2 protein chains.
Amino acid sequence: MMPLPGLFLGAHGDQAGRLGIVSSSPPQCKTLTPAGQEQIIGNDCTFMPITIKDVARESGVNTSTVSRALNNGYGVNDETRKHVIAVAARLNYRPNRVARGLVTGRSHSLALLVSDIRNPFFAEVARGAEDAARSGNCDLVLCNSDLNADKQMQYVQSLLEKRIDGILMNSVSMLNEEQQAQLVASGVPIVLLNRSPSNHTFSTVCADNESGGALAAKYLLNLGHRKIAHLTGPRQHGNLTDRARGFVRALQTAVDPVQPTVLHGKFNFAGGAELTRKLLDEHQGITAVFAANDVMAFGVVRAALDRGLRIPEDLSLIGFDNIEFSGIVHPPLTTIHQPKYEMGYAAVEILLRLAREKAKQTPEHRLLGVELIERESCRSPLAKPRGSSKRSLV
Amino acid sequence: MMPLPGLFLGAHGDQAGRLGIVSSSPPQCKTLTPAGQEQIIGNDCTFMPITIKDVARESGVNTSTVSRALNNGYGVNDETRKHVIAVAARLNYRPNRVARGLVTGRSHSLALLVSDIRNPFFAEVARGAEDAARSGNCDLVLCNSDLNADKQMQYVQSLLEKRIDGILMNSVSMLNEEQQAQLVASGVPIVLLNRSPSNHTFSTVCADNESGGALAAKYLLNLGHRKIAHLTGPRQHGNLTDRARGFVRALQTAVDPVQPTVLHGKFNFAGGAELTRKLLDEHQGITAVFAANDVMAFGVVRAALDRGLRIPEDLSLIGFDNIEFSGIVHPPLTTIHQPKYEMGYAAVEILLRLAREKAKQTPEHRLLGVELIERESCRSPLAKPRGSSKRSLV
DNA sequence: CCGATTGTCGGGAACGTTTGCAATAACAGA
DNA sequence: TCTGTTATTGCAAACGTTCCCGACAATCGG
């Protein structure tokens, strides 16, 4: 198939021999059909990309020299390097990263394993992760686990088969001990998007949830609220627990301590609405609500409006995450900003470092700061605006 | 490094020889350190995954037999196949997909190349695409082009180097002729998420935008609206143009024709708000607005509220896309549902088919249906509700 | 002028699979 | 018993890189 081998005299250091060398049939697909062989090739263009051998033959050097010239460039003469690069450019040579990965053992691709990319939080993390991966000359494969342990392990297995260089994971909390041990035994670098519950064998990137909760508490206190509620998810959820702890602790340790009402439920839109209904039914006089995330806060808005309560006139509301829609909805939601993009970026930075170091992995932990985004969903409970309706709760 | 070669007698058809064969040092990492060699191995666990050779040696057959037994299973004795599978399971063998990809030429991975995954539309497409890819035993790499032509081409080059099996692309409209020709010349299967503007060399998956526009028009007409506006993006945008065409045409061809006001601008939140301000300033008595997508519709809501207009009491509003937040915001947005998940799924199905067929690619075009989602942002202009404010426009 | 060092390059063995081809055994029909 | 067919398996060549190692020339220190 490969025509005319052994035609070239590889004269050592012979510049003319390299530059002016007679070119064999150029390896473009169209000209690969000399007369008399047409029936062999067939009429459909058998697409054969040019390899490092083609570049080597065309430039009169060995494949190893081509590899050196194109990669690091060390240990190869300056002129030959330029020549090889020129020939490679002329032939439009593209290295086969699969073959390279086979010998180097690195696939130059990372994985993002989240519960669902449709969650706007993860979408933003993904964007940061992809940008970081790209700047590290890697690409990012996307996996949706749906928080299913088996599915997650299947993904990991599949990724290991592709010799993935590292995995950025949403969570490992739903994995049992054996599965977690299997992960560490696999030897692949792993960064978690939240703090590891038990062990510290995995690297982690996490927003400072506890400080965020405290931030929300102080903000509501400063506005003058005294009857405060916190709607959050199940007690097992690490991140949400941290937020609740920071929130409650800041309220309790204030100069004039406050004991908030804390309700647990589902941490989605429906959960926020449901908990709000429960709150309004069973607790009187609440003036401010801290929702564990923005989507729950949207559920609060819905339930409050259904009860004839206006935000912020009748009820102040603060969320957590600062997803893009929080600034778009009405009223624009005051919330705790979580640096989602930066978290994805930082996580992949760690992953790239771990992938570079072949030595024993030293896990790294980054805690990223949060900040309060003040918009229009909170107000002082004392300032009764014009036309404030006097509707009581239920 | 690999210990003890040539110790096994590969007796043909000797079951005892296969099953009861003496096992060499099992290739687990921990037991690879016999006494006296500790200083060679080192203390860090040099992670060496087991290969097909280990399985072959352990089961007393050749690597080719192992390959056949584990893959298609054709051409290998039933008992030996079971035995090989058992040995592979015992050793926890995982095939190296990189090595396989090198010889087969298929990487078993597809790419999703969109402008920005943070756009919830693409997030949903991505989820559908990933599910389809997974069911086809492929994985999906994520690329964000930011609608930048150079960036897009760089991604394609990088993906080609990885011998990607197919690419699902947002758009090629920003690519010039030469770049598009380069794409088709690369030979990689490509599916576009919208209709190809000029040529039909690419496969396409597209929602029926024109019908969607007509659906919105008929809905507003049925409600009794006569003063209707359409806010849309720039004239070059194919999808939005189709929606506008269907909308306008349906209004004009109605039994009692209506000539709508059509305004062009940016197709994001700010654009929706800006166009709404312009609309309210320059056109009197508009009772219904059709926004080219839901995010623009949110901008309409914002601008309308700022002007003291309530939705739907003072202004009916209908969007396009039916992103998740459309059902969450207040008021819940009536909109045209676009099957985003199904579009991603269908596109990858086509991609998988194209990747399987090595013959000349026959492009496939799928047009997916849309439907009206009736929520609470539209109302008949005749029915003036209780307490309707009489505030005039400006 | 000679040995040692350095720079440059080619040869060739990996990396872990798949797969075409040949070899052997089993088995059938005659 | 001989021959042809089939089933099963081994052998070895790919696939396209990287990289160790040795060969050779040039340079340099003495």
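Below, each value reflects all heavy atoms present in this structure, side chains not excepted, and no hydrogens, waters or symmetry copies. Small disclaimer: the values here were computed from a predicted structure and weren't measured.
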| field | Rounded distance in Å - CD1 (A:I52) to P (C:dG12) | value | 17 Å

| Gap between atoms CZ and C1', on A:R94 and D:dT17 respectively (whole Å) | 17 Å

| Among D:dG16, C:dC9, C:dG16, the nucleotide that comes nearest once only the side chain of A:A99 is considered | D:dG16

| request: Could you walk me through whether B:R100 and A:E161 pass the salt bridge (Lys or Arg N to Asp or Glu O under 4.0 Å) test, one step at a time? | output: CA-CA 10 Å; B:R100 177 183 305 182; A:E161 292 180 7; over 6 Å; no

| query | Under 4.0 Å between a Lys/Arg side-chain N and an Asp/Glu carboxylate O for B:R134 and B:D131? | reply | no

| query | Can you tell me how far the SG atom of A:C138 sits from the CD atom of A:E130, to the nearest 0.5 Å? | reply | 11.0 Å

| query | Is there a donor-acceptor contact under 3.5 Å linking the side chains of A:R97 and B:S158? | reply | yes

| query | Does A:N96 make a side-chain N or O approach to OP1 or OP2 of D:dC15 shorter than 4.0 Å? | reply | no

| query | With respect to the phosphate group of D:dT18, does any side-chain polar atom (N or O) of A:Y74 fall under 4.0 Å of OP1 or OP2? | reply | no

| message | Are there over 12 heavy-atom neighbours, none belonging to B:K53, within less than 6.0 Å of that residue's NZ? | response | no

| field | Nearest-nucleotide comparison on DNA chain D, the residue closer to the 5′ end among A:R68 and B:D78 | value | B:D78

| message | How many whole angstroms separate atom CD of B:E79 from atom P of D:dA7? | response | 16 Å

| B:T80 side-chain N/O to D:dT9 phosphate OP1/OP2 under 4.0 Å | yes

| request: Return the value, rounded to whole Å, for the distance between atom CG of A:N62 and atom C1' of D:dC19. | output: 12 Å

| request: Examine D:dT18: is either OP1 or OP2 under 4.0 Å from a nitrogen or oxygen in the side chain of A:S67? Give yes or no. | output: yes

| message | As a test of reading the structure: which of C:dT18, D:dC15, C:dC9 is closest to the side chain of B:L102, going by heavy atoms? | response | D:dC15

| query | Looking at B:N77, does any N or O in its side chain come under 4.0 Å of the phosphate oxygens OP1/OP2 on D:dT8? | reply | yes

| request: For B:K53 and D:dA12, give me the distance from atom NZ to atom P, rounded to whole Å. | output: 13 Å

| said: Side chain of B:N71 only, heavy atoms from C-beta on: which candidate in D:dG16, C:dT18, C:dC9 is closest? | reply: C:dT18

| request: Would you mind reading off the distance between A:R100 atom CZ and C:dT17 atom P, rounded to a whole angstrom? | output: 21 Å

| remark: Separation of D:dT9 atom P from B:H83 atom NE2, nearest Å, is 12 Å

| task | Can you tell me the distance, in whole Å, between the CD1 atom of A:I50 and the C1' atom of D:dT17? | result | 15 Å

| message | Taking any heavy-atom pair under 4.0 Å as a contact, classify A:S64: base, sugar-phosphate, or nothing. | response | base

